[in-house]
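Contents: one structure, followed by commentary.
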2 protein chains.
Amino acid sequence: MRESKYDLPCNIAQTLNIIGDRWTLLVLHEILAGSRTFNEIKKELNGISSNILSDRLKHLEQAGLVISSLYSEHPPRYEYNLTESGNELEGIFNAMILWGRNNLEKCYKKIIHTECNHEVELAYYCPHCNQNVDELEAVELDAVDTTGLK
Amino acid sequence: MRESKYDLPCNIAQTLNIIGDRWTLLVLHEILAGSRTFNEIKKELNGISSNILSDRLKHLEQAGLVISSLYSEHPPRYEYNLTESGNELEGIFNAMILWGRNNLEKCYKKIIHTECNHEVELAYYCPHCNQNVDELEAVELDAVDTTGLK
DNA sequence: TACACTAAGTTATAAAAAACAACTTAGTTG
DNA sequence: CAACTAAGTTGTTTTTTATAACTTAGTGTA
């Protein structure tokens, strides 16, 4: 795992400090997709080595994205699951799948609405305006609103 | 840049093969945020070294996410901009910012609807059903629909 | 016109991370 | 009891990154 973290006041950099290491996002996605045990995950992620998977699971558990639990005492067997934080990564996964759908030359997946089987699009819903909106802005959390002020 | 790519039939892995290297996503985000020249980007990305930035820009141009253009002949100066593919990464950036908003202990940004200044949520719009939907599924592109079939 | 300075890198080397392969430990199966 | 599986750990090699110094071309200024 990377020792040197990004030192930037930015959600993206800080998020990458947690999920930005090689294999990390794929491990998380694999758990979300249903793999639970060490070897199940390893088998699906063609090319990952034991020590890296071991390391990533350990750090993800520390970071609170994954939780491991003993599901058999004899022999001791662990299963890995996502925490609430881990599950919320689905927005990132979906954004990547959708980007890939439009921009990869070799694309494997699409995201469909289960009921009607049609592909969906990303949208942003404003609870205040009670509708989807397009005009977005990423702003500093503590920023003072200066709109219209001199 | 990483020589060994993920060899997995998965949009996420393939997308990470393009944008998954250390610093890469941050470079792209910095360009999106308005930095245009080599040193502007370097200045904003505290800690990145010249050779890495140089390498990343070169590969991103090859991958078609960034385009560089001479904006001054004397002295020769380049500026970097995102292509359409590069701009479409905004969905991924937003997903990460929103994840960070809920899950980072130290969060820096939020995403607001420009008009009303309220925070937005991620949603998925189904053009067929003409509404936002929750029940999603990531499916193989060539998958045959077996819903309801024996 | 010489000196310092900026932009945009390149090169060389050191340090860190990842890959690879072999080994371990505990238990189970034939 | 020999072979096999799960879930790792350890040691070594290879790749990536980081750090720092250097280059090239032009500008500004005393």
Side-chain angles (χ1 to χ4, degrees), chain A residues 1-8 13 16-28 30-31 34-63 66-81, chain B residues 1-8 13 16-28 30-31 34-63 66-81:
Chain A
M1 192 171 143
R2 251 191 313 122
E3 277 313 305
S4 63
K5 301 284 181 190
Y6 299 120
D7 178 27
L8 297 166
L16 286 174
N17 278 339
I18 299 173
I19 60 165
D21 287 343
R22 188 149 157 68
W23 291 109
T24 297
L25 209 52
L26 295 177
V27 168
L28 289 161
E30 202 47 51
I31 298 175
S35 296
R36 295 272 172 275
T37 65
F38 190 90
N39 281 329
E40 254 185 297
I41 299 169
K42 188 163 169 0
K43 203 168 300 163
E44 293 300 316
L45 295 183
N46 183 22
I48 195 172
S49 45
S50 296
N51 53 352
I52 296 294
L53 177 54
S54 178
D55 178 276
R56 295 303 185 268
L57 287 170
K58 213 163 290 172
H59 282 278
L60 285 172
E61 188 160 14
Q62 272 179 32
V66 161
I67 191 165
S68 72
S69 49
L70 207 64
Y71 71 91
S72 153
E73 299 246 7
H74 256 353
R77 292 284 180 271
Y78 286 92
E79 76 171 10
Y80 298 93
N81 282 282
Chain B
M1 189 168 144
R2 250 190 314 122
E3 277 313 305
S4 63
K5 301 284 181 188
Y6 299 120
D7 177 27
L8 298 166
L16 286 174
N17 278 338
I18 299 173
I19 60 165
D21 286 343
R22 188 149 155 72
W23 292 109
T24 297
L25 208 52
L26 295 176
V27 168
L28 289 161
E30 202 47 51
I31 298 176
S35 295
R36 295 273 171 275
T37 65
F38 190 91
N39 280 329
E40 254 185 297
I41 300 169
K42 187 163 170 0
K43 203 170 299 164
E44 292 301 316
L45 295 182
N46 183 22
I48 196 172
S49 45
S50 297
N51 53 352
I52 296 293
L53 177 54
S54 177
D55 179 276
R56 295 302 185 268
L57 288 169
K58 213 163 289 170
H59 282 277
L60 286 171
E61 188 160 13
Q62 272 179 34
V66 161
I67 190 166
S68 72
S69 48
L70 206 64
Y71 72 90
S72 153
E73 300 246 8
H74 256 349
R77 291 284 181 270
Y78 285 92
E79 77 173 9
Y80 298 93
N81 281 283

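Since this is a predicted model, take the numbers as computed values, not measurements. Each chain gets a letter, A, B and so on, in the order its sequence line appears, and its residues count up from 1. What's counted below: heavy atoms across the whole structure, side chains too, no hydrogens, waters or symmetry copies.
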**OP:** Identify, with sequence neighbours excluded, every residue that meets side-chain contact (heavy atoms from CB on, under 4.5 Å) alongside A/N46.
**Re:** B/D7, B/L8

Give the nucleotide from the list [options] with an atom nearest to the side chain of [X].
X     : options                : answer
A/Y80 : D/dG8, D/dT17, C/dA19  : D/dG8
A/T37 : D/dA7, C/dA19, C/dG9   : D/dA7
B/R22 : D/dG8, D/dT10, D/dA18  : D/dA18
B/W23 : D/dG11, D/dA18, C/dT10 : D/dA18
B/I52 : C/dG9, D/dA18, C/dA18  : D/dA18
A/S50 : C/dT10, D/dG8, D/dG11  : D/dG8

Original post:
Where along residues 38-49 of chain B does a heavy atom come under 4.0 Å from DNA chain C, residue by residue in number order?
Top reply: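 Correct list: B/F38, B/N39.
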
Identify each donor-acceptor pair in which a side-chain atom of residues 36-44 of chain B lies under 3.5 Å from a protein atom, sequence neighbours left out, and give them as a table.
residue: B/R36; atom: NE; partner: B/N81; partner atom: OD1; Å: 3.1
residue: B/R36; atom: NH1; partner: B/I31; partner atom: O; Å: 3.0
residue: B/T37; atom: OG1; partner: B/E40; partner atom: N; Å: 3.4
residue: B/T37; atom: OG1; partner: B/E40; partner atom: OE1; Å: 3.3
residue: B/E40; atom: OE1; partner: B/R36; partner atom: N; Å: 3.3
residue: B/E40; atom: OE1; partner: B/T37; partner atom: N; Å: 3.3

Which whole-number value in Å describes the distance from [X] [atom1] to [N] [atom2]?
X     : N      : atom1 : atom2 : value
B/L53 : D/dA18 : CG    : C1'   : 14 Å
A/D21 : D/dT17 : CG    : P     : 11 Å
A/L70 : D/dG8  : CG    : P     : 11 Å
A/D55 : D/dA7  : CG    : P     : 18 Å
B/H59 : D/dT15 : NE2   : P     : 15 Å
A/E79 : D/dA6  : CD    : C1'   : 14 Å
B/K5  : C/dA19 : NZ    : P     : 12 Å
A/N51 : D/dA7  : CG    : P     : 16 Å

**OP:** Give a yes/no on whether any side-chain N or O of B/R56 is located under 4.0 angstrom from OP1 or OP2 of D/dT17.
**Re:**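 Answer yes for this pair, as a side-chain N or O of B/R56 is under 4.0 Å from OP1 or OP2.
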
Original post:
Are OP1 or OP2 of D/dT9 and a side-chain N or O of A/K58 less than 4.0 angstrom apart?
Top reply: yes

Subject >> Under the side chain to side chain donor-acceptor pair (under 3.5 Å) test, residues paired with A/S50 that sit two or more places apart >> reply: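 Counting only residues at least two positions away or on another chain, A/S50 forms no side chain to side chain donor-acceptor pair (under 3.5 Å).
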
**OP:** Under the side chain to side chain donor-acceptor pair (under 3.5 Å) rule, collect the residues that match up with A/S54, sequence neighbours excluded.
**Re:** none

Original post:
Residues in ring pair (Phe, Tyr, Trp, His ring centres under 6.0 Å) with B/Y80, at least two apart?
Top reply: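 Residues passing ring pair (Phe, Tyr, Trp, His ring centres under 6.0 Å) with B/Y80: none at all.
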
Original post:
Got a donor-acceptor contact below 3.5 angstrom from the B/R22 side chain to the A/G20 backbone?
Top reply: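 Not a single qualifying donor-acceptor pair exists.
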
Original post:
CD1 of A/I52 to OG1 of A/T24: how many Å apart, nearest 0.5 Å?
Top reply: 9.0 Å

